[in-house]
Amino acid sequence: MKEFAIATYGLTKRFEGYIAVNEIDLQVKAGEVYGLIGPNGAGKTTLIRMLATAEEPTKGEIYLHGDRLLRDDSNHLLKQRIGYLPDDFPLYDDLTVWDYLDYFARLYRLKQPKRHLRIHEVLELVQLENKRKSLIATLSRGMKQRLSLARTIIHEPILLLLDEPVSGLDPLARQQFRQIIKVLQEAGMTILISSHVLSDLAELCTSVGIMELGFLVESTSLTDLYQRLSSQQLTLSTLGKMEILQQQLSQNSLVKTWEIIADNRLKIDFRGGASDCAELLRSLVLADIPLTEFHHSQEDLESIFLKLGHQQTS
Amino acid sequence: MKQNIRLFSTPNSLWSKLLDSNPQLFREIQGKLKTRNMVMVAAIAAIVQFITVIFLLGQLPDLKLAATQCGRYGMTVIYQEYSNQVCYAQNEAGNWVINWQLWWLDLFIILSIIGIFALLVIGTYLLIADTVREEERGTLNFIRLTPQSAGSVLLGKILGVPILVYTAIALLLPLHLVAGLQSHIPLTLILAFDLTVLASCAFFYCLALLWSLLDFGVSGLKSWFASGLLGFLLLFATAILVDGHAKLAHFLAWTLMFNPAILLTYLIDASHLRFGTIDFLSTDNLAELSFYGQALWTKTTIGIGLIFLNFSLWTYWCWAILKRRFHNPEKTILSKVNSYWLTAWFAPIALGFTLQTESNLATIHDDTYLISNNFIFLQVCLSLFGLGLIFALSPHRQTLYDWARYRHQNHGNSLWKELVLGDNSPATVAIAINLAIAIIFITPSIFLILPPSYQYIFWGLILSTTNILLYAVIAQFLLTLKTRKRVIWSIVAVASMIILPPVCLGVAELTIRTIPQVWLLSFVPITATEYVSFAAIAVAILGQWLAITVISLQMTRKLKQAGASETKILMNRVNTLSN
Ligand SMILES: Nc1ncnc2c1ncn2[C@@H]1O[C@H](COP(=O)(O)OP(=O)(O)OP(=O)(O)O)[C@@H](O)[C@H]1O
Ligand SMILES: [Mg+2]
């Protein structure tokens, strides 16, 4: 059990006769970046809130690195390990950026002179150094989000729980954010992100979990998910006749369907590994087809997700 | 002008160590100790002292006038036909002779009362407003997630939020001390008074925090309501003290223990005022107040000690509840086990103030009357306590549903053990046990102390407890309703069951004496049991138990139904997912 940074057993949460999270057994290995995806209302926020002790589970147990997480006064050490960034992040408008971080550094028991060093460090990481004397009320939304992220990591947690951290950020800020996450992962943190920006997750995550109607319907490593669910696509262009190419393709059993996208260009749905791919290319070259393009691509996370045709909770 | 006062000037001082050890205190102080605020507070403190002193100086004789002047601070008594008058005389040197001791004592009392009101009323207001705001914004939730203990955060709030009031009071203290010493009050007593005021602050501030962490579904008027009520009660209790003619051999005198100003009685007494009188509760008055027939409040040390102890113990209870509440706002306010302890502590104290005289009462009619009267108050007090327990112990809809659903899987405890000790189970049984504890404690004194003709009191108590149980099941039933405002609904329902019947009966001019039977079902059945037959009482009790059983069964059925419908929803989902 110790190998898992997060392990839950039968985790359930009900609201007012409504089942938000149902019997979830989630396991996240230490050092992973775990992406949580699912339609609106699937229960992602509720799950993360329970992991962060912000919500009391109706039933079930949570273990962090093998230690039982309970919601009372008894677990200072466990709380010290968690950094939680909620989807709405209330801030104190009357404090300056520096004072806000200083307050939370104190709450997390950072002592001088470490405290000031650490505040400088996180401010640099989220690029708010020049804003440190500004009142929080005067920051833009993106800046507030970065400030919240700084607050989340101020005490060097080893487990980060981020609930839709990039919503409302511009593309540049999102890229900066991805960079920050990578830095944090290299520093050894285990990170759980829920997000609707699947391209971001595809870039960051090592594993993903898909939630639906309160169930965790899928939880696996990203490579495995691609292997099982994404179809590979080959894009081919030829200078010669399309008919010859098509005829050649129809002889290959791994080619399912194709679609002509331009005069002499087509896209193949291919079910095979890398060696099968090489074999196909060789056979085409041997058949004297003048290929100008042989491009291998994979279906992205977004289309996999759409393909699964998930139900919206209603 | 708005900059912070330097908090870090001496990094190793005790002050900065304190701030380092309590981040919440640091944050509150940082937000409030601004130069502008400090200047304002200093100005207000100075103006209040200035006005008080000027007002009192205005009472002194006019130096320019040569005619005889009379007034409070004179030292010559002029005997007149109807009433004697205290007037000012001049001594040989031609100066007015003035009763300076009385003057200083007046100043001392006025400053004390101003201080108490400022600390308690403004302090609680600030605390509640601040906490409710943080709870609404959601920032308090962040603090809950940090490794800080509830105690440290709450202590930080108590010490930090009213820091400006503390500053103002600190500026008031020197004059207060001088006035006390000038009126010959011993220094130790002045310090004891200050300590007791601090203890009262601790209690009322804990209560205020607890109040702000309660969730009624409405939060807007919380601070105004609570501090307004406290201010009103304090005003009332202080008026009784200043009146000086209150009869203290009464159950309700207990409430005076919660006004720290009652200590002034001892201080005035210790000043041995040589001339003149002060309209304030005297120690002779206090001697009337007794606890299990013992006049405990006559001696200064014991009296002050008891008042201090009273505050400390209530603070302890509040603090324990508060700490639990802080981390688990969804749980019931009290745990069932705690409620038994609280009742076992509350009942003896309430009974102690009921039994005001110890002697053989059967012979002294007056005292018997007094005590039987006190029992009515005891019953009302017990009923109110029971209502409080209903509020503090009844779990809400979802908790109950979850409890009913997972009871077998989770603990494997027997149903009875769950009902008695488990915090998520329905509260009815626990409330019954609490009431039983109180009744068992109170009953012997009814039969031992009062003459046999007063045994209707016992039946009154029994009826009132079944009444409370009925309210408890009704409240519990309403708390399983689907609406968001179910807390308000159950409060309204129980309140109307208490208030409406007497009002209707009163309007219909059906007094207790004309048809006492109906009054058996009111909030104060003890007033009616005297006039009805035993059969009527028995029927009333049976009827109440019948109602309790029916509603309980109904609720059990509803819980089961809810469990079944949840299972159905779950099955539906599994089906949609597998398709
Ligand atoms: N405090 C609450 N009271 C009642 N129901 C709630 C509460 N919080 C969440 N829910 C319900 O639980 C379900 C799951 O909500 P949750 O916020 O976890 O979804 P989510 O996956 O985070 O959705 P989104 O992608 O929109 O953020 C929703 O149907 C929601 O209505
Ligand atoms: Mg969400």
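Order of the sequence lines fixes the chain letters, A, B, ..., with proteins taken first and strands second; residue numbering starts at 1 for each chain. Because only heavy atoms are used, hydrogens play no part in the values below, and waters and symmetry mates are left out as well, while side chains stay in.
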Requested in this report: Might you work through the side-chain hydrogen bond (donor to acceptor under 3.5 Å, both in side chains) test for B:Gln24 and A:Tyr103, ending with a clear yes or no?
Outcome: CA-CA 8 Å; B:Gln24 191 60 36; A:Tyr103 173 39; 2.6 Å; yes

Query raised in the report: In Å and rounded to the nearest 0.5 Å, what is the OG1 to OH distance from B:Thr146 to A:Tyr84?
Result: 14.5 Å

**Report entry** Side-chain heavy-atom pair A:Lys79, B:Leu145 within 4.5 angstrom cut-off
**Finding:** no

Query - Cation-pi check, A:Arg14 onto B:Tyr401 ring (under 6.0 Å, within 45° of axis) - result: no

**Report entry** Charged tip of B:Arg27 within 45° of A:Tyr92 ring normal and under 6.0 Å
**Finding:** yes

Query raised in the report: Any idea which of B:Lys331, B:Arg324, B:Glu134 has the most non-hydrogen atom pairs under 4.5 angstrom with chain A?
Result: B:Glu134

Query raised in the report: Any side-chain heavy-atom pair from B:Asn141 and A:Glu55 closer than 4.5 angstrom?
Result: no

Query raised in the report: Between atom OG1 of A:Thr58 and atom CG of B:Asn424, what is the distance when rounded to the nearest 0.5 Å?
Result: 10.0 Å

Query raised in the report: Below 4.0 angstrom, N of the basic side chain to O of the carboxylate: do B:Asp402 and A:Lys59 qualify?
Result: no

Query raised in the report: What's the spacing between A:Tyr100 OH and B:Thr139 OG1 if we round to 0.5 Å?
Result: 9.0 Å

Query raised in the report: Rounded to the nearest 0.5 Å, what separation is found between the CZ atom of A:Arg109 and the OG atom of B:Ser152?
Result: 7.5 Å

Query raised in the report: For A:Leu117, does the CG atom sit with more than 12 other heavy atoms under 6.0 Å from it, leaving out its own atoms?
Result: yes

**Report entry** Spatial distance of atom NE2 (B:His327) from atom OG1 (A:Thr53) [nearest 0.5 Å]
**Finding:** 9.0 Å

**Report entry** CH2/A:Trp98: more than 12 non-hydrogen atoms of other groups inside 6.0 Å
**Finding:** yes

Query - Nearest-0.5 Å distance that lies between atom CZ in A:Phe104 and atom CZ in B:Phe142 - result: 6.0 Å

Query raised in the report: Checking B:Arg486 against chain A: side chain, backbone, both or neither under 4.5 Å from a heavy atom?
Result: side chain

**Report entry** Atom of A:Phe15, atom of B:Gln398 and distance for their closest heavy-atom approach
**Finding:** C-OE1, 3.6 Å

Report task. Check whether more than 12 heavy atoms from other residues, nucleotides or ligands sit under 6.0 Å from atom NZ of B:Lys32, and answer yes or no. Result -> yes

Query raised in the report: Hey, are B:Gln148 and A:Tyr108 close enough side-chain-wise for a donor-acceptor pair under 3.5 Å?
Result: no

Query raised in the report: Given that the side chain runs from C-beta out, which part of A:Leu95 has a heavy atom under 4.5 Å from chain B: side chain, backbone, both or neither?
Result: side chain

Query raised in the report: Where do B:Arg137 and A:Asp93 come nearest, in terms of heavy atoms and distance?
Result: NH1-N, 4.4 Å

Query - Partner of B:Pro147 under side-chain contact (heavy atoms from CB on, under 4.5 Å), chosen from A:Gln80, A:His155, A:Arg81 - result: A:Gln80

